[in-house]
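Residue numbers run from 1 in the order of the sequence given.
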Amino acid sequence: MFVDPPAPQPLQPGETPPASAAPGLPSPDGAIAWEFNPDYQRLVTMWRQVLPTLDTLTSALDKAYQLARSRDVWDAPVSGRYVEEMAEWRTRLGLYRQAILTSISDQAADTPRWVPANAGAPHAFS
């Protein structure tokens, strides 16, 4: 139904910080010590916590929807209303999932992966 936005990428083995603060411009203080941004890492962790929960909710609702559509389960004329309501719940859950994952992805896109070690990292959750 919906395509998940791009996930924030964790620190990869062998990944190195940027070469300089501004490419092509020498800095007066020489080399800058960099650290992986802890706020960006929190976004990676949040994505990894939220995605399995959303997948579990989606699969549970999909299973219930498939059972509700079966004539073996429902024999009453009122069953159509319940199936329609479950279809609406599935749509709303899809929209909720899209909103949550998009907000995390957008925040990760706006948060730098590397920050100078002596500077305070931008606070994504303040």
Side-chain angles (χ1 to χ4, degrees):
M1 184 171 4
F2 296 101
V3 176
D4 289 343
Q9 297 300 314
L11 180 63
Q12 302 297 320
E15 183 179 352
T16 58
S20 66
L25 297 175
S27 65
D29 58 350
I32 297 176
W34 294 91
E35 68 177 340
F36 194 73
N37 191 344
D39 289 329
Y40 190 89
Q41 183 59 44
R42 277 190 221 115
L43 292 169
V44 171
T45 303
M46 186 182 306
W47 182 280
R48 289 182 173 176
Q49 289 174 345
V50 166
L51 194 59
T53 304
L54 291 172
D55 286 341
T56 302
L57 287 171
T58 301
S59 64
L61 190 53
D62 286 345
K63 182 179 178 183
Y65 179 72
Q66 293 302 324
L67 288 173
R69 290 183 62 208
S70 171
R71 288 292 172 200
D72 295 336
V73 176
W74 293 102
D75 194 19
V78 75
S79 67
R81 185 180 77 213
Y82 291 117
V83 171
E84 289 173 9
E85 287 178 3
M86 289 182 130
E88 177 65 25
W89 296 341
R90 290 175 71 212
T91 302
R92 288 182 185 190
L93 181 59
L95 292 171
Y96 180 73
R97 174 190 179 104
Q98 187 72 18
I100 294 295
L101 296 181
T102 299
S103 67
I104 295 171
S105 181
D106 288 351
Q107 185 66 45
D110 294 339
T111 304
R113 288 177 58 83
W114 294 92
V115 292
N118 57 356
H123 298 288
F125 300 107
S126 53

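Annotation: the span from Thr58 atom OG1 to Lys63 atom NZ amounts to 15.0 Å, rounded to 0.5 Å. Residue Tyr96 holds its OH atom at 10.0 Å from CG of Leu101, rounded to the nearest 0.5 Å. Note that the CG atom of Leu57 and the CG atom of Asp62 stand 10.5 Å from one another [nearest 0.5 Å]. Taking CD1 from Ile100 and CE from Met46, the interatomic distance works out to 9.5 Å, rounded to the nearest 0.5 Å. Interatomic distance, CD of Gln41 versus CZ of Arg113, reported as 9.0 Å (0.5 Å rounding).
Annotation for Asp4 and Arg97: closest pair OD2-NH2, 2.7 Å, computed over non-hydrogen atoms. Heavy atoms only, all atoms of each residue included: Met86 and Ala64 are closest at CE-CB, 3.5 Å. Summarising the geometry of Trp34 relative to Pro17, their closest heavy-atom pair is CB-CB, 3.3 Å, with the distance given to 0.1 Å. Looking at every heavy atom in both residues, Arg69 comes nearest to Val83 through CG-CG1, 3.8 Å. Nearest heavy-atom pair across Ile104 and Leu43 is CG2-O, 3.8 Å. Minimum heavy-atom separation, Pro5 to Gln98: CD-NE2, 4.3 Å.
Side-chain atoms of Leu11 and Trp114, non-hydrogen and from C-beta on, do get closer than 4.5 Å to each other. Residues Gln9 and Val44 form no side-chain contact, since every pair of their non-hydrogen atoms from C-beta on lies 4.5 Å or further apart. Gln12 is listed as a side-chain neighbour of Pro10, based on a closest heavy-atom distance under 4.5 Å.
The backbone N or O of Ala87 lies less than 3.5 Å from a partner atom in the side chain of Thr91, making a donor-acceptor pair. Between the side chain of Thr111 and the backbone N or O of Gln107, at least one donor-acceptor pair lies under 3.5 Å.
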